[in-house]
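All heavy atoms count here, side chains included; hydrogens, waters and symmetry mates do not.
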Amino acid sequence: MPETTEHAQPAEAAVSALYEELLLAWNRRDARRYAALFDPDGALVGFDGGQVPRRSEP
């Protein structure tokens, strides 16, 4: 089990840091900074299960 905990700590720290960045950008109403935290190929699923389509290719 110690190996799992050892590997989980950096992942948990990364998730916490990302969450803090999201909150900071949201509270500053900085849409560009907020959007930059997402992977362009990712999918956004809302709390209610609704999905936001990806941007169309230029």
Side-chain angles (χ1 to χ4, degrees):
M1 279 292 185
E3 186 177 47
T4 303
T5 303
E6 181 180 316
H7 292 295
Q9 289 173 347
E12 288 177 12
V15 169
S16 292
L18 175 59
Y19 181 67
E20 291 297 322
E21 286 294 318
L22 284 167
L23 289 178
L24 182 64
W26 180 269
N27 289 330
R28 290 184 176 175
R29 294 179 171 93
D30 187 343
R32 290 184 192 276
R33 185 173 183 174
Y34 191 86
L37 296 168
F38 290 85
D39 187 309
D41 292 327
L44 175 61
V45 180
F47 68 92
D48 62 352
Q51 296 183 15
V52 177
R54 285 196 264 170
R55 268 192 235 171
S56 60
E57 296 293 323

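There is no path of hydrophobic side-chain contacts, each under 4.5 Å, that joins Leu23 to Leu18.
In terms of heavy-atom proximity, Asp39 sits nearest to Asp41 at OD1-N, 2.7 Å.
Not a single ring pair (Phe, Tyr, Trp, His ring centres under 6.0 Å) links Tyr19 to another residue, sequence neighbours left out.
Counting only residues at least two apart or on different chains, the side-chain hydrogen bond (donor to acceptor under 3.5 Å, both in side chains) pairs with a member in residues 21-38 are Glu21-Arg33.
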